[in-house]
Amino acid sequence: MSANVIATKNFTASGPPVTMVGLGGEGILRTHRRDAQAREVIKTAVKQGLTYFDCARVYADSEVYYGSLWREHPETRSGIFQASKSARRDKDGALADLEETFERLGTDYLDLWQIHDVRTDDDLKAISGPGGALEAFVDAKSAGKVRYIGVTGHHDPAILTRAVEQWPVDAVMMPVNPVEGVLGGFLITTMPTARAKGMAIIGMKIMGAGHYIDLKSRLTPELLIRYALSHDITVAIVGCSSAEEVDTLADTGRNFKPLSEEERSQLLNVFEPHAKRLAYYRGVL
């Protein structure tokens, strides 16, 4: 493979290849009325060769920003893997979200549609019960409106693992970072459960929304991305706020070298005393 090309993995065993790093839906994309800056980030990601693009119905204007470009360049849209999410728990609400997502993205299909931010037992019951959102996701896939369906969560690894075990989903999005390396949870329960089912695994919270970066301590974005990619995941997504951040993400994916056991151990030792506090996305620990 050319040194200028980002390596890919198949999305599920029989799925299409996606780049091992992808553009997350946060950063500049989770804003309103920042069109010029958001478009620059997306265009840079395309130019750098990223093929996995993330957003969500509740991420401000993220879908609108993508849509403004995909309408102008339908040939680009057809060559990328576009993911979005719905946080609605009922079937009718989720289907309404999907139609609005299509309108905002300027497309008539999604490569991946995800049940967003599953946190509690009540979420599981509402989503999978009669008239729940899971019905919408399964129906949308059967109708060809979405190619794959998934579930995301960053609050409770036990809850997300149950969703992975019980639901007919193709993918799971979960935190993959040194905090999780210390605490376990998602990495030792959700990840192997998903792998056993042949599901795609999307790593998020790679840099803890930037809170884990400390250049004085050599905690660089590159090191944190390498940590995530050193796990058995399909793609690591990072929200970016500038073209320069996209360049860093792409370059790290392009030149990826797995962490050595010594590097991994040193990194976890840095996070170990602060892991519970830094797992802000889980809620109270």
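Bear in mind the structure is a predicted one, so any value in this text is a computation, not a measurement.
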Next item on the list: Check Leu29 against Ala38 and note the closest heavy-atom contact, atom names and distance.
Entry: CD2-CB, 3.9 Å
Check: Hey, what else clusters with Phe11 if you join Ile, Leu, Val, Met, Phe, Trp, Tyr whenever side-chain heavy atoms sit under 4.5 Å?
Finding: Val18, Tyr52, Phe81, Leu112, Tyr148, Met173, Ile202, Met204, Val235, Ile237
Next item on the list: Taking atom NZ of Lys197 as the centre, report whether more than 12 heavy atoms of other residues, nucleotides or ligands fall under 6.0 Å from it.
Entry: yes
Item checked: Side chain Asp156, main chain Ala158, donor-acceptor under 3.5 Å -> yes
Check: Do any N or O atoms from the side chain of Ser62 and from the backbone of Tyr59 form a donor-acceptor pair under 3.5 angstrom?
Finding: yes
Next item on the list: Please name the pair of heavy atoms, one in Ser128 and one in Trp167, separated by the smallest distance, quoted to 0.1 Å.
Entry: CB-NE1, 3.5 Å
Item checked: Distance-minimising heavy-atom pair for Leu229 and Ala236 -> CD2-CB, 3.8 Å
Item checked: Leu23 side chain reached by Asp54 side chain, heavy atoms, under 4.5 Å -> no
Note to self: Once rounded to the nearest 0.5 Å, what's the spacing between atom CE of Met20 and atom OG1 of Thr252?
What the structure shows: 10.5 Å
Notebook entry, point to check: Do the side-chain N and O atoms of Arg39 and Ser68 include a donor-acceptor pair separated by under 3.5 angstrom?
Noted result: yes
Next item on the list: Look at the rings of His211 and Tyr280 and say which category their plane angle falls in: under 30° parallel, 30 to 60° tilted, over 60° perpendicular.
Entry: perpendicular
Note to self: Using side-chain heavy atoms (C-beta onward) and a distance below 4.5 Å, is Thr107 in contact with Tyr66?
What the structure shows: no
Notebook entry, point to check: Any side-chain heavy atom of Leu187 sitting closer than 4.5 Å to one from Met174?
Noted result: yes
Notebook entry, point to check: Quick one: does Val138's side chain get under 4.5 Å of Pro168's, heavy atoms only?
Noted result: yes
Item checked: Asp121 bridged to Arg162 by N-O distance under 4.0 Å -> yes
Check: Do the side chain of Lys9 and the main chain of Ile233 share a donor and acceptor less than 3.5 angstrom apart?
Finding: yes
Notebook entry, point to check: Given the side-chain rings of Trp70 and Phe53, with only the six-membered ring counted for Trp, is the space between their centroids under 6.0 Å?
Noted result: yes
Next item on the list: Write down the atom of Ile28, the atom of Val41, and the distance for their closest heavy-atom approach.
Entry: CG2-CG2, 3.6 Å
Note to self: Ignoring hydrogens and geometry beyond distance, is a side-chain donor-acceptor pair present between Thr161 and Thr193 at under 3.5 Å?
What the structure shows: no
Checklist line | Beyond-backbone contact of Asp247 with Gln48, side-chain heavy atoms, under 4.5 angstrom | finding: yes
Check: Less than 4.0 Å between a side-chain N and a carboxylate O, is that true for Glu263 and Arg226?
Finding: yes
Checklist line | Tyr212 ring center near Phe271 ring center (under 6.0 Å) | finding: yes
Next item on the list: Taking Thr8 for its side chain and Pro17 for its backbone only, find out whether a donor-acceptor pair lies under 3.5 Å.
Entry: no
Checklist line | Under-4.0 Å salt bridge between Lys141 and Asp170 | finding: yes
Next item on the list: Output yes when a side-chain donor or acceptor of Ser230 lies under 3.5 Å from a complementary backbone atom of Pro258, and no otherwise.
Entry: no
Checklist line | side-chain hydrogen bond (donor to acceptor under 3.5 Å, both in side chains) partner of Arg119, the single match among Asp123, Asp122, Asp117 | finding: Asp117
Next item on the list: Taking only Lys NZ, Arg NE, NH1 and NH2, and the carboxylate oxygens of Asp or Glu, determine whether Lys257 and Glu222 approach each other closer than 4.0 Å.
Entry: no
Notebook entry, point to check: Where the side chain of His155 meets the backbone of Arg282, is there a donor-acceptor pair that is under 3.5 Å apart?
Noted result: yes
Checklist line | Sub-4.5 Å side-chain heavy-atom contact between Val238 and Leu224 | finding: no
Checklist line | Flag for Thr31-Tyr65: side-chain donor and acceptor within less than 3.5 Å | finding: yes
Checklist line | Main-chain N/O of Asp232 paired with Arg195 side-chain donor or acceptor, under 3.5 Å | finding: yes
Check: Is there a donor-acceptor contact under 3.5 Å from the side chain of Glu135 to the main chain of Gly131?
Finding: yes
Checklist line | Val182 to Leu268 - nearest heavy-atom pair and separation | finding: CG2-O, 3.8 Å
Margin query: Looking at every heavy atom in both Cys55 and Leu105, which two are closest together, and how far apart are they?
Written below: SG-CD2, 4.3 Å
Margin query: Checking Lys85 against Asp97 for the salt bridge (Lys or Arg N to Asp or Glu O under 4.0 Å) test, could you report, in this order, the C-alpha distance in whole Å, the side-chain angles of both residues, the deciding distance, and whether it holds?
Written below: CA-CA 9 Å; Lys85 317 177 189 82; Asp97 264 5; over 6 Å; no
Notebook entry, point to check: Tyr109 ring centre to Arg77 NZ or CZ under 6.0 Å, with the angle to the axis within 45°?
Noted result: yes
Next item on the list: Measure from the side-chain N and O atoms of Ser78 to the backbone N and O of Glu75, and report whether any donor-acceptor pair falls under 3.5 Å.
Entry: yes
Note to self: Between Thr19 and Gly22 (side chain of the first, backbone of the second, donor and acceptor by atom type, cut-off under 3.5 Å), is there such a pair?
What the structure shows: no
Margin query: Regarding Asn177 and Tyr281, do their side chains bring together a donor and an acceptor under 3.5 Å, going by distance alone?
Written below: yes
Margin query: Checking side-chain polar atoms at under 3.5 Å, does Glu63 have a donor or acceptor matched by the opposite partner on Ser84?
Written below: yes
Margin query: For Glu261, is there an ion pair with Arg264 - N to carboxylate O distance below 4.0 angstrom?
Written below: yes
Notebook entry, point to check: With a 4.5 Å heavy-atom cut-off, do Lys145 and Asp108 have their side chains touching?
Noted result: no
Item checked: Over 12 foreign heavy atoms within 6.0 Å of CD, Glu99 -> yes
Notebook entry, point to check: Looking at the rings of Phe186 and His231, which for Trp means the six-membered one, are their centres under 6.0 Å apart?
Noted result: no
